[in-house]
Amino acid sequence: MTRGLPLTATHWGTYRAEVTDGRVTALHNFEHDSDPSEIGHGIVDALTAPSRITAPMVRESWLNDGPGARTDQRGKEAFVEVSWQEATRMVADELTRVHDTHGAQAIYAGSYGWASAGRFHHAQSQMKRFLNCAGGFTRSLYTYSFAAAEAMVPHVLGSYREFMNTTTSWRSVADSGELVVAFGGIPVKNAQIDSGGVGSHVQRDGLHSACEAGVAFVNVSPLSSDMIPELNAQWLPARPNSDVAIMLGLAHTLYTESLHDPDFMERYCVGFDRFLPYLTGETDGQPKTADWAAEVSELSAGDIRALARRMARQRTMISVSWSLTRAHHGEQPFWMGITLAAMLGQIGLPGGGITFGYAASNSIGGDYRQMPGASVPQGQNPVNRFIPVARIADMLENPGGRFHFDGQVLRYPDIRLIWWAGGNPYHHHQDLNRLARAWEKPETVIVNDWCWTATARRADIILPTTTHLERDDLMMSLRDPYVIAMEKAAEPPDGARNDHEIFRNLAAHMGFEEAFTGGMDEADWLRWLYDKTRQSAAAEGLGLPDWQELQDKGWHRTPPPVTATVKMRAFREDPEERALATPSGKIEVYCKTVADFGYADCPGHPTWMEPYEWLGNAGKYPLHLISNQPSNKLHSQLDQGSVSRRGKIDGREPVLLNPADAAQRDIREGDLLRLFNGRGACLGVAQVSDHIRPGVVQISTGSWWDPDDDGMCRHGNPNVLTRDIGTSSLGQGPTAHSCLIEVERFSGTPPPVRAFEPPVIRRRKG
Ligand SMILES: Nc1nc2c(c(=O)[nH]1)N[C@H]1C(S)=C(S)[C@@H](COP(=O)(O)OP(=O)(O)OC[C@H]3O[C@@H](n4cnc5c(=O)[nH]c(N)nc54)[C@H](O)[C@@H]3O)O[C@H]1N2
Ligand SMILES: Nc1nc2c(c(=O)[nH]1)N[C@H]1C(S)=C(S)[C@@H](COP(=O)(O)OP(=O)(O)OC[C@H]3O[C@@H](n4cnc5c(=O)[nH]c(N)nc54)[C@H](O)[C@@H]3O)O[C@H]1N2
Ligand SMILES: [Mo]
């Protein structure tokens, strides 16, 4: 068996690398990928572009005057190249200083971010293992993807991850389903990726098979493009953030027309009796009728009623996209979606029930058996402090400040040192101008990355890393049937190192190398991770080839499950034996635990609450901004590469708006636009289209932040506009999708985009 060209695996797919004279010159799609993604090809030119970081560096004032020097110059000042020896010594000394003076909780190393796909060279695992050996750090909890659900759904179903990982597959929908009603659509653009890596892309095939089997689709979304055209979906262009109201209108119709399933509510749920008075308006004077929902959402009451009747008549799957959790009160859409599905009585039946976000990742709806992939053990963190991940600016601004989170009152630590490896907060966080002000507080910022992202530019010490093409690794992803033996295809630049190597050297310098490495080198670790995975897999009846066989062939595919996955089937079949991990053992439509928290912004049953910003309360800024995931990259990753750059117009991010909104502002296709609100402004280029509902503007995330002297982003990063407050006291998740703006034609001279130019770098003589 020959391996062929070196295989590499990424969050956006598996590829083979063509190498000429030691350089990667092209990538080829993995021959077993039936729907490969373009995204991966964007790395080829980026590997050696000026945006590549090729040596360790230190911000000039920090180098000259030490920690805390001129922190307002982060992102503006020059860097000075240093040797790895110097960088290692400086980092070790600074870590020791912060420990000795302020304690380990003064180090924030939540380091949220997607990093890259291999199991061993996973930047966060390496960093956290190192920092735990060194005395610990303040961590972050949950994700930007769906923090509100991670906090909320366990109260309702006993677990969130368990039920996301066992999504009813498209096979089951095609076999048994009749109708899919998708809030936030089923955006196949997002299914190009999966956290941890993808062998073959399955989402489009899954949708096609359901469609061919006669399943009908309804797309509730401000964008018609959230559903691929061949599905011929009914488009319900609702106002953003009105989904819970629509679901309540559907529930009200079901209830008043006796179309719901009282037996299911009785046997499998608790608290329907506490929810009903809210639904009927007994508690607040407002019956949640279809007419009421129509007013909130600007859909027609007739459409809502007709949909409710159809959902009751047919085998119906409700899909609620992850994006709905990233809005103000983002706890509610999944809770109400579960309640609506429970009223239909189809939870646990083939092709029916509730899904958390079909196509949000390649695997959501895929046919896989969960792979118990081992990861690098991170050890114990002696520090017991954390923040909900999106509360970083609050934390930096309010050391010692109190905040609510999931029934607890916690305090923010006093952060002196930030360390980021494998994430890009100047991509992912909201209200970047606020973050940049808060970022001035810590005395030191250390960043491991391979390219000059907006975060790397705002570091004091830069530790340059390799990319996935420059190291051996293993892809063994929880929700993907492929195992890939990743093979180093090219040498990294001389000055770059693997994250593991960076931390190993630091550990050696600080006297705990053995504890960090466990006495193993990289080859030993890869073997250890694989053998451990193989053992756990065998215990679950999943045979994996032995190490040599995998290395010889390069990849392995585990067979699909015998029967199609149906979420919560076991609970439905035996609710006593397979009770949920909730206090009642049942689905908590009314949740006493949550009610007892006493939060006004997250009461004891699903509730529609007006978001802080939406079309229903728009004034000075009359347009709702959707800053969704980009189709041609993963977040900010590879924005500097050819694939992402092809998607830009004159080097800037496209902005989609409705012809009516464009006409009102005298905007034409291709015009340079300024998007603004009270928090900030960015540029973008107009694309006028009726694929977007009136009143809504869409710009993808991912353009590297490129502020001018007044803080206006020249490139098109929407996070200068989004607001930075939590979903609620319960989840404290990010709320990017609740955001109002205004748009105008930009009248000045278009400023050049500088995002991909490296900062000024001084090389020392001698
Ligand atoms: N407005 C708005 N904002 C959003 C969202 C939205 O919908 N709207 N979505 C949010 C969501 S869901 C998410 S998950 C976040 C994503 O936010 P992030 O996960 O922070 O974004 P990425 O661009 O994937 O950042 C990963 C970083 O890791 C680096 N990296 C890659 N490989 C390596 C490596 O081997 N070693 C090291 N040290 N670094 C490496 C990359 O260069 C990159 O800088 O964004 C959030 N932000
Ligand atoms: N190509 C690519 N794929 C990705 C990513 C990427 O960066 N690039 N990121 C990955 C990550 S980390 C995540 S978490 C997932 C996220 O997956 P999602 O959360 O599903 O991603 P989004 O693209 O933000 O949102 C999907 C759609 O929801 C719609 N929407 C927004 N607000 C509302 C609303 O209030 N109501 C309704 N009904 N619809 C609304 C928008 O039109 C948007 O297109 O995607 C993953 N997939
Ligand atoms: Mo995400």
Side-chain angles (χ1 to χ4, degrees), residues 10-12 37 39 111-118 121-124 126-127 143-147 182-195 219-223 225-226 236-243 246 297 320-327 330 333 357-362 364 390 420-430 447-451 453-456 463-468 470-471 498-499 502 611 614 624-639 692 696 698-702 704 717-719 721-722 734 736-739:
T10 69
H11 301 304
W12 40 88
S37 166
I39 293 177
S111 194
Y112 180 78
W114 270 57
S116 45
H121 294 290
H122 179 243
Q124 281 88 0
Q126 295 290 346
M127 146 185 256
T143 64
Y144 275 76
S145 311
F146 36 50
F183 295 87
I186 303 180
V188 171
K189 69 169 172 61
N190 290 353
Q192 291 173 94
I193 64 87
D194 212 271
S195 165
N219 176 24
V220 185
S221 167
L223 291 179
S225 54
D226 280 335
L236 297 179
R239 274 171 161 177
N241 294 190
S242 69
D243 304 83
I246 301 167
S297 62
V320 185
S321 101
W322 298 354
S323 55
L324 271 57
T325 69
R326 298 197 300 282
Y358 276 126
S361 288
N362 178 52
I364 307 293
W420 229 287
N424 185 357
Y426 283 92
H427 161 77
H428 64 232
H429 197 58
Q430 283 57 66
V447 171
N448 298 25
D449 210 311
W450 64 274
C451 50
T453 64
T455 301
L463 305 173
T465 71
T466 57
T467 71
H468 57 89
E470 297 155 347
R471 55 207 187 204
N498 292 334
D499 290 281
I502 294 172
W614 75 303
H624 194 116
L625 180 73
I626 297 291
S627 52
N628 55 353
Q629 311 289 19
S631 59
N632 52 14
K633 55 186 165 266
L634 175 70
H635 315 131
S636 69
Q637 297 198 50
L638 304 186
D639 189 37
I692 189 163
V696 180
Q698 179 269 340
I699 182 171
S700 298
T701 58
W704 288 11
N717 184 325
N719 276 327
L721 301 164
T722 51
H737 282 317
S738 298
C739 176

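Both ligands and their constituent atoms are indexed starting at 1 by order of listing. What you see is a predicted model, and the numbers here were worked out from it, not measured in a lab.
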Can a non-hydrogen atom of [X] be found less than 4.0 Å from any atom of ligand 2?
| X | result |
| --- | --- |
| Arg326 | yes |
| Ser361 | no |
| Ala238 | no |

Nearest candidate to atom 47 (N) of ligand 1, where distance is taken over non-hydrogen atoms, out of Glu470, His635, His428:
His428
In terms of its nearest heavy atom to atom 37 (C) of ligand 1, the top option of Asp499, Thr701, Asn424 is Asp499
For [X], take its heavy atoms, then give the atoms of ligand 2 lying under 4.0 Å from any of them.
| X | answer |
| --- | --- |
| Ile626 | 31 (C), 32 (N), 41 (C) |
| Asn628 | 22 (P), 23 (O), 24 (O), 43 (C), 44 (O) |
| Lys633 | 1 (N), 2 (C), 6 (C), 7 (O), 8 (N) |
| Ser221 | 38 (N), 42 (O) |
| Gln192 | 1 (N) |
| Ala360 | 15 (C), 17 (O), 45 (O), 46 (C), 47 (N) |
| Leu223 | 42 (O), 44 (O) |

Please list the nearest protein heavy atom to [atom] with its residue and the distance rounded to 0.1 Å.
| atom | result |
| --- | --- |
| atom 8 (N) of ligand 1 | Ser627 O, 2.9 Å |
| atom 28 (O) of ligand 1 | Gly422 C, 3.2 Å |
| atom 42 (O) of ligand 1 | Asp449 OD1, 2.7 Å |
| atom 14 (S) of ligand 1 | Tyr112 OH, 3.1 Å |
| atom 2 (C) of ligand 2 | Pro630 O, 3.1 Å |

Would you please determine whether Phe146 falls within less than 4.0 Å of ligand 1 on a heavy-atom basis?
no
[X] heavy atoms, cut-off 4.0 Å: which ligand 1 atoms fall inside?
| X | value |
| --- | --- |
| Arg471 | 35 (O) |
| Gly113 | 18 (P), 19 (O), 20 (O) |
| Ser116 | 32 (N), 33 (C), 34 (C), 35 (O) |
| Ser636 | 22 (P), 23 (O) |
| Ala123 | 36 (N), 37 (C), 38 (N) |

Is it the case that ligand 2 has an N or O less than 3.5 angstrom from some N or O of [X]?
| X | value |
| --- | --- |
| Ala191 | no |
| Ile39 | no |
| Gly184 | yes |
| Asn190 | yes |
| Ile193 | no |
| His737 | yes |

For ligand 1, the portion of [X] having any non-hydrogen atom under 4.0 Å away:
| X | value |
| --- | --- |
| Gln430 | side chain |
| Trp322 | neither |
| His429 | neither |
| Thr453 | side chain |
| Cys451 | side chain |

Using a 4.0 Å heavy-atom cut-off, say whether [X] meets ligand 2 through its side chain, its backbone, both or neither.
| X | result |
| --- | --- |
| Asp243 | side chain |
| Leu634 | both |
| Pro222 | side chain |
| Leu324 | side chain |

Could you check whether the rings of Tyr112 and Tyr144 sit parallel, tilted or perpendicular, using 30° and 60° as the cut-offs?
tilted
Separation between [atom1] of [X] and [atom2] of [Y], rounded to the nearest 0.5 Å:
| X | Y | atom1 | atom2 | result |
| --- | --- | --- | --- | --- |
| Ile699 | Leu625 | CD1 | CG | 7.0 Å |
| Asp243 | Ser321 | CG | OG | 8.0 Å |
| Ile39 | Thr10 | CD1 | OG1 | 8.0 Å |

Less than 3.5 Å between some nitrogen or oxygen of [X] and one of ligand 1, yes or no?
| X | result |
| --- | --- |
| Ser145 | no |
| Trp114 | yes |
| Tyr144 | no |

Heavy-atom donor-acceptor pair, Gln430 side chain to His428 backbone, under 3.5 Å:
yes
Indicate yes or no for a side-chain donor-acceptor contact from Ser361 to the backbone of Ala191 under 3.5 Å, with no hydrogens or angles considered.
no
What are the two closest heavy atoms between [X] and [Y], and how far apart are they?
| X | Y | answer |
| --- | --- | --- |
| Leu324 | Pro333 | O-CG, 3.6 Å |
| Ala238 | Val220 | CB-CG1, 4.0 Å |
| Gln192 | Ser631 | NE2-O, 2.8 Å |
| His737 | Asn241 | O-ND2, 3.3 Å |

Is there a ring pair (Phe, Tyr, Trp, His ring centres under 6.0 Å) between His11 and Trp114 once you walk through the steps?
CA-CA 9 Å; His11 301 304; Trp114 270 57; 5.0 Å; yes
Where do Trp322 and Ile364 land on the side chain to side chain contact (heavy atoms under 4.5 Å, CB included) test, with the steps shown first?
CA-CA 11 Å; Trp322 298 354; Ile364 307 293; 4.0 Å; yes
